[in-house]
Amino acid sequence: GMSSYVVYTIKTTTNIPSFNKTNMCVVRRFSDFLGLYEKLKVKYFAQGVIIPYPPEKNMFGTTKMRLSKGSSADTDFIEKRRVSLERFLHRITNHPVLMNDAYVREFLEVESELPRHSTNQVLSGATAMKLFKNVGEAVGKWTFKMDEVDEYFEFKDQELENWDIQGNRM
């Protein structure tokens with residue numbers, strides 16, 4: 001079947017001499033960001049350069065988005081991911097070593113589609129649903145319903161949720 005995905009437009013303005021242009025506009029998929037991270041990690045790991053982590057691939061969010069096209073949950077998921085990807089790129093482009101890297105320049109300058117990175121294989125919707133169904137069945141066999149309320153846990157859970165919200169606003 002057809003595969004749909006979200007693309008992100010990246011507009012960059014720079015005065016760094018190693019770039020060929022001062023104004024750039026490219027379109028990238030989430031997997032392109034993961035590919036950039038993997039290339040940088042392989043290149044700089046031995047030198048001890050710390051590469052900022054990209055946002056995690058949220059299989060539940062991605063699968064939910066595929067199943068419920070056009071919902072507000074999709075919009076929220078895409079916006080949260082966009083903000084995370086923007087933060088990831090800012091960290092890389094403000095890094096004294098990475099800002100001049102050839103992979104970073106390619107990512108920001110090359111207007112054509114980047115080659116797929118081998119470690120970014122994405123589960124198809126059908127495969128993901130089968131996986132989730134099997135996991136759900138297995139977990140369902142191990143769990144049982146409890147009506148007990150743990151006030152300390154509920155308080156800490158809400159506190160963590162608030163920290164997460166505040167962290168995402170940074």
Side-chain angles (χ1 to χ4, degrees), residues 1-132 163-170:
M2 286 182 41
S3 176
S4 62
Y5 53 89
V6 175
V7 293
Y8 301 90
T9 302
I10 304 167
K11 295 179 182 178
T12 309
T13 302
T14 184
N15 59 3
I16 298 173
S18 60
F19 282 83
N20 294 320
K21 305 175 190 171
T22 55
N23 292 300
M24 299 155 282
C25 183
V26 295
V27 176
R28 297 288 178 252
R29 299 168 62 151
F30 179 76
S31 58
D32 295 329
F33 288 84
L34 297 181
L36 174 63
Y37 169 76
E38 289 298 327
K39 288 176 185 177
L40 293 173
K41 187 174 77 171
V42 167
K43 184 174 181 179
Y44 291 105
F45 180 77
Q47 298 171 33
V49 175
I50 297 172
I51 309 301
Y53 277 105
E56 288 191 24
K57 180 153 188 73
N58 181 334
M59 284 304 300
F60 290 105
T62 306
T63 303
K64 189 168 76 173
M65 193 171 73
R66 286 181 179 163
L67 296 176
S68 61
K69 301 245 186 275
S71 74
S72 64
D74 293 352
T75 308
D76 292 346
F77 174 74
I78 293 168
E79 178 58 16
K80 283 180 182 174
R81 182 175 268 183
R82 184 199 64 77
V83 169
S84 298
L85 292 171
E86 185 175 348
R87 188 179 312 125
F88 168 67
L89 271 184
H90 277 235
R91 288 178 180 154
I92 286 177
T93 56
N94 288 311
H95 191 286
V97 174
L98 303 179
M99 69 180 2
N100 290 302
D101 183 82
Y103 291 135
V104 174
R105 283 196 313 270
E106 173 190 59
F107 186 86
L108 295 173
E109 284 186 326
V110 175
E111 293 178 15
S112 60
E113 190 172 315
L114 297 176
R116 301 268 66 83
H117 194 267
S118 61
T119 61
N120 296 331
Q121 298 303 319
V122 179
L123 294 174
S124 72
T127 305
M129 288 315 298
K130 184 176 179 184
L131 173 72
F132 290 132
W163 279 105
D164 188 45
I165 291 167
Q166 288 178 15
N168 286 333
R169 289 181 184 156
M170 294 178 93

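Note that the numbering runs from 1 along the sequence shown for the chain. For clarity, every value in this text was computed on a predicted model and none was experimentally measured.
- No side-chain heavy atom of P54 sits under 4.5 Å from any side-chain heavy atom of L85.
- For the atom pair OG1 (T14) and CE (M99), the distance works out to 7.5 Å, reported to the nearest 0.5 Å.
- Note that CD1 of I51 and CG of L40 are 5.0 Å apart. Values are rounded to the nearest 0.5 Å.
- A side-chain donor-acceptor contact under 3.5 Å links R105 to the backbone of N100.
- E109 places no side-chain N or O within 3.5 Å of a backbone atom of M24 that could act as its donor or acceptor partner.
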Problem set entry | CA sep, side-chain torsions, deciding dist, call: Y37, I92, side chain to side chain contact (heavy atoms under 4.5 Å, CB included) | CA-CA 9 Å; Y37 169 76; I92 286 177; over 6 Å; no
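- Side chain of R28 to main chain of I10: no donor-acceptor pair is present (N/O by atom type, distance under 3.5 Å, no hydrogens or angles).
- Proximity of R91 to L98: side-chain heavy atoms (C-beta onward) are nowhere separated by under 4.5 Å.
- L34 and P55 get closest at one heavy-atom pair: CD2-O, 4.0 Å.
- With respect to R81 and E86, no salt bridge is recorded, no charged nitrogen being found less than 4.0 Å from a carboxylate O.
- Contact of the E106 side chain with the L114 side chain is registered, since non-hydrogen atoms from C-beta on lie closer than 4.5 Å.
- Listed here is the closest heavy atom pair of R87 and G167: NH2-O, 4.1 Å.
- By the 4.5 Å heavy-atom criterion applied to side chains, V104 and L108 are counted as neighbours.
- Listed by first and then second residue, the ring-ring contact (aromatic ring centres under 6.0 Å, His included) pairs that reach into residues 80-106 come to none, sequence neighbours excluded.
- At least one side-chain heavy atom of F107 sits less than 4.5 Å from a side-chain heavy atom of D32.
- F33 CZ to S84 OG: the interatomic distance, rounded to the nearest 0.5 Å, is 10.5 Å.
- Contact annotation: the side chain of D101 approaches that of Y44 to within less than 4.5 Å [non-hydrogen atoms, C-beta and beyond].
- For I50, the CD1 atom counts as loosely surrounded, since its 6.0 Å shell holds 12 or fewer non-hydrogen atoms of other residues, nucleotides or ligands.
- Between N15 and T22 the shortest side-chain heavy-atom distance does not fall below 4.5 Å.
- Taking the charged nitrogens against the carboxylate oxygens, E38 and K43 have no contact shorter than 4.0 Å, which rules out a salt bridge.
- In this structure K80 satisfies the side-chain contact (heavy atoms from CB on, under 4.5 Å) test with no other residue, sequence neighbours excluded.
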